[in-house]
Structure formats: structure tokens, C-alpha cells
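Proteins get letters first, then strands, A, B, ... in listed order; numbering begins at 1 in each. What you see below is based on every heavy atom in this structure, not just the backbone, and it leaves out hydrogens, waters and symmetry mates.
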Number of protein chains: 2
Amino acid sequence: MSEEADAVVAGEPPGKRVRADAQRNTDALLTAAAEVFAASGVDAPVRQITAKAGVGAGTLYRHFPQRSDLIAAVYRHEVDACADAAPALAAEHDPLEALTRWLWRFTGFIGTKHGLSTALHSGDPAYAGLPAYFQQRFVPVLRDLLDAAAEAGEVRADVDPYDLLRATANLTRPAQDDQGYTRRMVTLLIDGLRYGARK
Amino acid sequence: MSEEADAVVAGEPPGKRVRADAQRNTDALLTAAAEVFAASGVDAPVRQITAKAGVGAGTLYRHFPQRSDLIAAVYRHEVDACADAAPALAAEHDPLEALTRWLWRFTGFIGTKHGLSTALHSGDPAYAGLPAYFQQRFVPVLRDLLDAAAEAGEVRADVDPYDLLRATANLTRPAQDDQGYTRRMVTLLIDGLRYGARK
DNA sequence: TTGCTAAACGGAACACTGTTCCGTATTGTC
DNA sequence: GACAATACGGAACAGTGTTCCGTTTAGCAA
């Protein structure tokens with residue numbers, strides 16, 4: 001799900017192959033937009049994005065007719081990247097460490113979302129499915145991490161993944177520019193989880 | 001406090017009299033901006049405001065060098081208007097009715113604040129004093145209304161005005177375009193206040 | 001390999017912003 | 001009524017988002 005290019009409308013059954021240059025440019029735009037959004041927020045000038053992607057304005061508008069399409073695509077892309085990081089962490093570290101590291105990773109994701117929450121509430125239909133997507137991708141991932149840690153006796157077993165997700169996101173918002181603070185708070189949260197574990 | 005024009009920086013002890021035309025234009029701009037902001041949000045085009053005020057762009061920028069100055073001035077103006085409405089209501093109606101009507105009036109104030117809350121969190125120093133001003137003007141007003149209603153035995157006496165203010169504002173936000181909903185909810189809130197009153 | 005066509009490209013051009021500047025008009029005073 | 005000082009308005013500038021179309025390229029077939 002996280003692989004393959006995000007097509008404009010994300011679904012064209014007729015086997016029309018996507019041209020290689022089109023694919024390349026879509027990717028370049030997504031990457032460039034992600035960087036620019038992180039640095040300057042989602043209201044950053046379009047030309048800044050096209051310049052960084054080495055692409056003309058026309059190209060951007062062909063792939064993403066509305067600005068909101070680009071934003072939504074970038075968001076999906078980053079949700080995927082963050083969610084997909086979990087299995088690797090779970091394989092490399094013991095359950096508690098994997099959980100901790102993934103939550104840190106998640107705070108990084110949230111921290112780059114300047115102005116996105118505002119855009120999300122703008123009523124633009126392009127964003128309609130985004131919160132659901134967010135939940136749909138992250139909740140199972142976090143549930144797995146939590147279950148593994150609980151099974152290892154590292155944390156309590158009665159924590160709802162969605163609650164923890166929201167709590168972490170809220171913890172991060174006021175201090176998106178202070179890594180240290182966020183880490184301390186997330187660590188505290190995890191210490192809270194450990195309280196009452198059987199180990 | 002609600003009278004007299006909001007000077008640019010709101011305080012020039014040296015008795016430099018303000019020219020009558022300047023005063024007139026400042027007022028016209030404030031009125032026009034309030035209408036435009038209510039209709040199109042605080043990001044509405046400047047020319048729309050100057051046109052409605054029958055004024056040139058230069059005039060706007062002389063009185064309000066930063067856009068945020070205009071927004072802040074409009075906001076103060078409306079806070080004043082809303083707060084000043086209370087004494088009249090208290091004189092015309094019995095305490096409970098006055099309280100109810102003023103809260104409705106207050107929801108009207110909140111409902112027109114499209115995008116203002118976003119602007120407020122932008123970190124612009126021009127907005128720094130606004131939340132405090134909000135509280136400073138509204139809390140005493142609401143406290144008086146509550147006290148009067150409590151003294152008449154219409155509502156409980158243990159409600160914090162600031163809490164009620166926040167609750168009402170939060171109640172209103174999700175349905176700024178549905179008068180009916182907001183009124184029902186505010187009425188419910190007031191019924192809650194009445195519960196346990198001595199009458 | 002070469003030729004051909006549909007697809008995609010890029011950037012100039014357009015429309016619409018916020019903001020500045022300055023010649024002109026108005027106000028208040030002597 | 002004359003004259004500074006002040007304020008006015010709108011043209012001009014700079015920086016956006018978006019469209020358009022002549023040019024280039026990828027992919028395919030001979």
C-alpha cells in the first residue's frame with residue numbers, strides 16, 4: 001500500500017501504463033513538497049516546490065489539479081512511511097524499545113505538520129478521507145507494538161492504541177520545535193504504560 | 001472603554017488631536033472589516049474591505065500598518081460591543097432571561113470568528129494581549145449576570161464564569177452555521193445551571 | 001534502429017493578491 | 001481667507017496561484 005505511485009485519483013483499472021517520466025516527476029514532486037511543507041508549512045509558494053522538484057508549474061498541476069490533492073498525497077505518503085517503519089523496528093529491537101522508538105518516529109511525523117490540522121478542517125472534500133486513513137494505518141501498527149510489549153510483560157495490556165496515539169500527538173503539538181521536551185514526555189508516557197506490567 | 005476610536009497604537013498622551021476625517025475613516029474601516037471578516041473570514045482580500053469602506057488602500061495601511069493590527073482592532077471592537085450589551089439586557093429582562101439572551105448574543109460573537117482562532121495561534125505579537133482582553137472584558141460581565149440570577153434563586157451559585165464562557169464557546173464552534181443547534185445546546189447548559197437552584 | 005504518435009513537459013502569460021509611494025485634497029488654525 | 005500639516009486615494013510594484021500551448025520525450029511497431 002505504501003509502495004507504488006499515488007495516482008492522481010488513485011485507481012484506473014484500464015491497463016493504461018504510466019509513462020516513466022510521469023512517474024518520476026510525481027515522485028519528485030511528492031518528495032519536494034514534503035520537504036517544503038516541513039520547512040515552510042502547507043501554504044508555501046508553489047514555485048518553491050516545482051523548483052526543488054526540477055519541474056514546471058504545468059507538470060505539478062497535471063498531477064495534482066488542486067493544491068489540496070498534493071497536500072493529501074504528501075500526507076498519505078508520510079503516513080505510510082511512518083506506519084511502515086514499525087515492522088523494521090520490531091524486528092531489530094526488543095518490544096519495549098521498538099514501541100519507544102516508533103512513538104518517537106511518530107512524534108517526528110506530527111511535528112512536521114505545521115498548518116495541516118488547519119487545512120484538514122477547511123472542509124475541502126479532498127481531505128475527507130484523511131483522518132480515517134490516519135487511524136486505519138496507525139492503529140493496527142501501534143496495536144501490534146503494544147501487544148508485543150504486553151506479551152513480553154513490559155507494559156500493561158489495557159491501553160487503547162487510539163488513545164495513546166492521540167495523547168502522543170497532543171503531547172507533541174505545543175513543542176514541535178523542541179525534540180528534547182517531546183522525547184521526555186513520550187518517555188514519561190511509556191513509563192506510565194510500564195506501571196503495573198507483570199514483569 | 002468601548003467608546004472612542006481605537007488609535008493605531010492606542011495611546012498617545014501628547015494632546016495631538018485626531019483629524020475628523022481620519023476618525024471617520026478609521027470607523028468606516030472597522031465597520032467594513034467586521035462585515036467582510038464575518039462573511040469571508042479574516043483572510044478576505046484587502047480591496048474588498050477598502051471598497052466597502054469607500055477608502056483607498058493607502059488609508060487602510062496608514063491606520064493599520066499590519067493586517068494583524070486591523071484584525072486585532074476589529075476583535076477588540078466586537079468584544080466591547082458584546083460585553084456592553086449585557087447591562088441593557090439586565091435592565092430589560094429578569095435575571096435568567098438576561099443571562100440566556102446574553103449567552104445567545106455571545107454565541108453570535110463566537111460564530112463569526114472564522115479562522116480567527118487560527119490567526120490567534122500564529123504567534124504574531126499583535127495578538128498577544130487579545131485572549132487576556134477577552135477574559136478581562138467578558139468574565140466580569142458574565143459574573144454579574146450569574147450573580148444576579150443566583151441571587152434571584154434562578155441558578156446555582158457555584159459556577160465559574162470563565163468555565164461557562166469556555167464551555168459555551170466550545171459548544172458553538174462545531175456548528176457555527178446552525179443557529180438552532182447552538183441555541184438548544186446553550187439552553188441545555190442553562191437548564192443545567194438551574195438544577196439545584198433554591199427556587 | 002528508425003519513425004511515429006500519444007503523452008507529458010516547462011515556463012511564459014494571466015489574474016488576482018498585499019503593499020508602497022506620492023501628487024492631490026482636506027482639515028484645523030492663525 | 002491663507003497656509004501648514006495631515007490625510008487621502010489609487011496607480012504602480014512585487015509576489016502569489018493557475019492556465020495555456022508550442023516543444024520534447026517515451027514507448028511502441030516496423
**Study point:** Length of the line joining A/I71:CD1 and D/dG17:C1', which is rounded to integer Å
**Key:** 13 Å
Review point. B/R24 CZ to C/dT27 P: how many Å, rounded?
Key: 6 Å
Study note, to complete from the structure: Letter by letter from the 5' end, nucleotides 8-18 of chain C scores (B base, S sugar-phosphate only, - none; protein heavy atoms under 4.0 Å) SBBB-B---BB
Which atom pairs, donor and acceptor, lie under 3.5 Å between side-chain atoms of residues 48-56 of chain A and protein residues at least two apart or in another chain?
from  : atom 1 : to    : atom 2 : distance (Å)
A/T50 : OG1    : A/R47 : O      : 3.0
A/K52 : NZ     : A/E35 : OE1    : 3.2

Review point. Looking at residues at least two apart in the chain, or sitting in another chain, which of them share a salt bridge (charged side-chain N to carboxylate O under 4.0 Å, His left out) with A/D163?
Key: none
In residues 98-105 of chain B, what donor-acceptor pairs under 3.5 Å come from side-chain atoms, sequence neighbours left out?
from   : atom 1 : to    : atom 2 : distance (Å)
B/T100 : OG1    : B/L96 : O      : 2.9
B/R101 : NE     : B/E97 : OE2    : 2.7
B/R101 : NH2    : B/E97 : OE2    : 3.2
B/W102 : NE1    : B/C82 : O      : 3.0

Point to revise | Those residues that, when tested against A/R19, pass side-chain contact (heavy atoms from CB on, under 4.5 Å) (two or more places apart) | key: A/D21, A/A22
Revision key, fill the gap. The side-chain contact (heavy atoms from CB on, under 4.5 Å) partners of A/A34 (sequence neighbours excluded) come to A/V74, A/E78
Revision key, fill the gap. By nearest-nucleotide position on DNA chain C, the 5'-leaning member of B/A20 and B/Q66 is B/Q66
